[in-house]
Amino acid sequence: MSADKLMYIGGEWVESNSGQDFESDNPATGEVLGTVPRGNADDIAAAVAAAKHAFPAWRDTPPDERGRWLLKIAEALREHAEQLAVVLAKESGHYLGKAQGLVEFTAQNVEFHAGLADKARGASIPTGPGRLAITRLEPVGVSGHIVPWNYPLFLITRSVAPAIALGNTAVIKPAEQTPLMAIALAEVIDEVGLPAGVFNVVTGFGEEAGAPLAAHPDVGSITFTGSVETGQLVMKAASAHMAKLTLELGGKTPVIVFPDVDVEVAAEVAMQGILSRCGQVCIAGSRLLLHDDIHDQVVERLVERFSQAKLGNTLDPDTQMGPLISQEQLERVEQYVEIGKQEGAELLVGGARPSDPELQKGYFYLPTLFGNVTSGMRIAQEEIFGPVLAVMRWSDEDEMIRQANDSPYGLAAAIWCKDITSAMRTATRLEAGGVFVNEWIGEDFKAPHGGYKLSGIGRENGFECIEHYTEVKHIAISLEAEKAENWCDAPL
Ligand code: ADP
C-alpha cells in the first residue's frame, strides 16, 4: 500500500526501496496525521546521485538567476502560508499563531539567502609585483542537511537556502517526528519548478537514512542540527570523506538578571525564554540567574505566571503553550524533574502532567520551576528540552560569570541590565556564540548563529555561513612577460 505522502528525489515523488512506511502523529492529540516512506541507504544513494547529476548545470546557472529561484520559493511560501502553518502546528506542536509567524520568518530567511547568490565573492591578494593572486568561491557540490523536529520548516531553509543560492544541490533528511512538513515544503518547491535534483527529501529514521547521508562519499558538506550525541556520530561519519561540517547542538542558556531591572520585565522574559515552544529550543533560557535583591520578587511572579499558562490544542487561538514532541521527550522531562527533586532543588510549581483528560491524549507537561538550584546540579548542567526552569541566585558579578560559564554548552546567553557598562562587560565575558542584551531575539538570519564548546562547530546565517557552502580557490597568475633566470627556485 502506498504511503499518504511520498519522498521527493530528482524531481519525482517516490516510495522507499524499503517498501515500508511510517506514521507521523499530532503531539497535541495523538492522532495519526499520515504515513510517509521509510527511507534507507538505497534511497539516500538515489537522492545523492540525483543531486550530483543536477549539480553541474545548477553550479553554472548565473548567480542572479539562482537568486531569483529562491525569491520565487519565498513568494510561494507566502502563497501557501496558511496551509504550511497548519501542517507545522499539527505535526510539530507549535501553536497556530506562532506557526504562522514562522512561515513568514522562513520566507524572509529564503529572501536573505537569495541575495548571497550574486554577492558572495572572493578577494584579490597582494602577493607581490609580477603576479595577480585572487580567490574564487566555488560551490562544494552535494550538500547534506540533517534536520531536527523543533523548527522543521525554518531549519530546512536556514541551511538549504544558502547552499543552493551558492550553487550547491541538496539532500534533506528531516526528523522522523516531522516528515510531513518537509514534504509540504517539497510540494511548494516542486510547484515553483526548481530544476529537478537541486532539492531532494528522503524521509526516514536517523540510523537508517541520516547515518548513510552523513557517510556518503559524494556529500561535500553536512549541516546537522540536533543532539550532541548524534552530532558526534555525524562528525565521525563525515570525517571518512572530509566533508565540511556545521553542527548546531544543544544549549543551556543562562538568563542573567541584574538588580536594576523592573521585576515585571524580568518575570516576563524569564517565562518567555523557557516556555516558548515548550522549552524545546536549543537557545531556551533554561537557567535563570537572579540577583539576590530581586530574586524573591521575580520568583513570586514566575510561580503565578507559570500556573496561569494556557496549554491546549495548537489550533486553538487561546493556546499559549503546546505539547512536547513525543512520549520519549515527555518521559525525559519527567526523569529530569525527579532528578531535580533528588538533588535537593525546590519544586516551586509544575512538576507534573496536566490533569485535564483532553490534554492527557497529547504529550503535555506543566510549566515547571525549580528554586534553590546550584550550578553543579544536573538540572543546571544538562539540556532538558522541556518547560523546566532552574533558578539560581547571585550577588557578586565575578561569581555570576563563573556560574554562567560553568556549562559544557555555549550557544546563547541573555543579560537584562539597565547599566550599559555592566551589561557590556558581562557580554564580553560570557562563553556563548550569541549574547542578547535587554533583548530576546532568538535568532536572526542576518546575523551568525552557532555555539562555543559542546554547542557545535561553525556558524549558520549571516555572511558567516558562506564559508560552509563554498570552497575557496586561490588562483595565482603571472603578469611577467619574461621569466627571470632561476625563477622557479621556490623558497622551500
Ligand atoms: P533529538 O534532536 O530528537 O535529540 P537527534 O539529534 O538524534 O534527536 O536528531 C536530529 C536529527 O538527526 C534527526 O533528523 C534524526 O533522524 C537524525 N539522526 C538520528 N540519529 C542519526 C545518526 N546516527 N546519523 C545521522 N542522523 C541521525
Side-chain angles (χ1 to χ4, degrees), residues 7 16 18 22-25 27 36-41 43-45 47-48 91-93 143-160 170-183 185 200-217 219 221-241 243 245-252 277-284 286 323-333 335-336 363 382-386 409 411 451 454-457 460:
M7 307 189 289
S16 164
S18 73
F22 67 100
E23 290 175 348
S24 176
D25 68 1
V36 299
R38 183 164 175 163
N40 61 17
D43 300 311
I44 288 291
V48 172
E91 192 186 42
S92 79
S143 60
H145 307 259
I146 302 176
V147 184
W149 43 262
N150 58 344
Y151 290 86
L153 178 65
F154 167 67
L155 288 182
I156 295 180
T157 64
R158 179 174 80 179
S159 62
V160 171
V171 176
I172 295 106
K173 207 301 279 175
E176 49 271 37
Q177 295 85 350
T178 51
L180 294 173
M181 188 72 257
I183 292 174
L185 174 63
N200 306 275
V201 175
V202 176
T203 50
F205 291 83
E207 282 177 20
E208 295 168 9
L213 178 58
H216 200 295
V219 174
S221 82
I222 295 167
T223 308
F224 172 84
T225 305
S227 62
V228 174
E229 299 73 25
T230 308
Q232 286 165 335
L233 292 176
V234 167
M235 197 170 175
K236 276 196 197 113
S239 71
H241 57 290
L245 203 61
T246 295
L247 300 173
E248 198 230 294
L249 309 174
K252 196 77 189 174
R277 216 265 177 269
C278 198
Q280 302 167 109
V281 188
C282 305
I283 59 159
S286 49
L324 292 161
I325 189 71
S326 61
Q327 179 66 27
E328 191 189 352
Q329 193 57 29
L330 176 63
E331 285 168 14
R332 179 185 166 91
V333 171
Q335 274 167 18
Y336 271 107
Y363 311 116
E382 297 172 23
E383 188 179 43
I384 300 174
F385 233 55
Y409 296 107
L411 191 57
L454 274 190
S455 292
I457 293 178
E460 309 264 15

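Remember, predicted model here, so these are calculated numbers, not experimental data. Counting starts at 1 for both ligands and their atoms, following the listed order.
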Between Gln177 (side chain only) and Trp149 (backbone N and O only), is there a donor and an acceptor less than 3.5 Å apart? no
Taking atom 18 (N) of ligand 1 as the reference point, the nearest protein heavy atom with its distance: Gly206 CA, 3.3 Å
Among all protein heavy atoms in this structure, tell me which lies nearest to atom 8 (O) of ligand 1, with the distance rounded to 0.1 Å. Ser227 OG, 4.2 Å
For the side chain of Thr203 and the backbone of Val36, is there at least one donor-acceptor N/O pair under 3.5 Å apart? no
Which residue and heavy atom of the protein sit nearest atom 17 (C) of ligand 1, plus the separation: Ile146 CG2, 3.6 Å
Which is closest to atom 10 (C) of ligand 1 by heavy-atom distance: Thr178, Thr225, Ile325, Leu155? Thr225
Going by the atom numbers of ligand 1, which of them fall below 4.0 Å from some non-hydrogen atom of Ala175? 13 (C), 14 (O)
Give the atom numbers and elements of ligand 1 that come within less than 4.0 Å of a heavy atom of Val234. 25 (C)
Which heavy atom of the protein is the closest neighbour of atom 15 (C) of ligand 1, given with residue, atom name and distance? Glu176 OE1, 3.5 Å
Minimum side-chain heavy-atom gap Val147-Thr225 below 4.5 Å: no
Identity and separation of the nearest protein heavy atom to atom 20 (N) of ligand 1: Thr230 CG2, 3.3 Å
Relative to ligand 1, is Phe224 under 4.0 angstrom through side chain, backbone, both or neither, heavy atoms considered? side chain
Should Val147 be counted as touching ligand 1, given the test is an N or O pair under 3.5 Å? yes
For Pro174, state whether at least one heavy atom is located under 4.0 Å from any atom of ligand 1. yes
Side chain proximity check, Phe224 to Leu249, heavy atoms < 4.5 angstrom: yes
Closest approach of any protein heavy atom to atom 23 (N) of ligand 1, naming residue and atom: Leu233 CD1, 3.7 Å
How close does the nearest protein non-hydrogen atom get to atom 26 (N) of ligand 1, and which residue and atom is it? Gly210 CA, 3.6 Å
So which heavy atom in the protein is nearest atom 3 (O) of ligand 1, and how far is it from that ligand atom? Trp149 NE1, 2.9 Å
Regarding Glu331 and Gln327, do their side chains bring together a donor and an acceptor under 3.5 Å, going by distance alone? yes
Tell me if a side-chain donor or acceptor on Lys252 pairs with a main-chain N or O of Ser286 at a distance below 3.5 Å. no
Under a 3.5 Å distance rule, please check whether Asn150 uses its side chain to pair with a backbone N or O of Gln280 as donor and acceptor. yes
Any side-chain heavy-atom pair of Pro179 and Phe22 under 4.5 Å: yes
Is a side-chain N or O of Gln329 found less than 3.5 angstrom from the main chain of Phe385, in a donor-acceptor match? yes
